[in-house]
Amino acid sequence: MKNNKLEYWFLILISGIFFFSCSKDKGYYAKTPNEPIYKGNMYDYLKSKPGVYDSLIKVIDRIELQGLMRDSFCYTICIDQCEFSDGVTKLKQHVKFI
């Protein structure tokens, strides 16, 4: 009988811990975006950030996608200058090993 009461209270304690640990706190949440929404097309936005997306702009210019970037709705994952140079360095290292 004593063992059943102990199991019962242990179950209530564990249930209480799970119930209160899953509650949401107010926490930090920025409701406004860090940067204002850009009123323009994707190509002009990339051009407006000199030194950040220069390599990506070169690639877009080389394969002549300026019209697509200006006229249509497109979603682009933009890599900045640092990531682009890291990728080229790793590609060169990989080519050396082959």
Open item on the list: Among residues at least two apart in sequence or on other chains, which ones pass side-chain contact (heavy atoms from CB on, under 4.5 Å) with Lys47?
Closed with: Tyr43, Ile57, Asp61
Could you measure the distance from the [atom1] atom of [X] to the [atom2] atom of [Y]? Nearest 0.5 Å is fine.
| X | Y | atom1 | atom2 | result |
| --- | --- | --- | --- | --- |
| Leu91 | Asp86 | CG | CG | 12.5 Å |
| Ile14 | Phe10 | CD1 | CZ | 4.0 Å |
| Met42 | Leu65 | CE | CG | 12.5 Å |
| Asp71 | Asn41 | CG | CG | 8.0 Å |

Open item on the list: For a 4.5 angstrom cut-off between non-hydrogen side-chain atoms, does Glu64 reach Arg62?
Closed with: no
Task: Co-membership, hydrophobic cluster, residues Ile60 and Ile63, 4.5 Å side-chain - done: yes
TODO: Give the intermediate values and the outcome of side-chain contact (heavy atoms from CB on, under 4.5 Å) for residues Arg70 and Asp44.
DONE: CA-CA 8 Å; Arg70 282 191 177 122; Asp44 292 336; 3.9 Å; yes
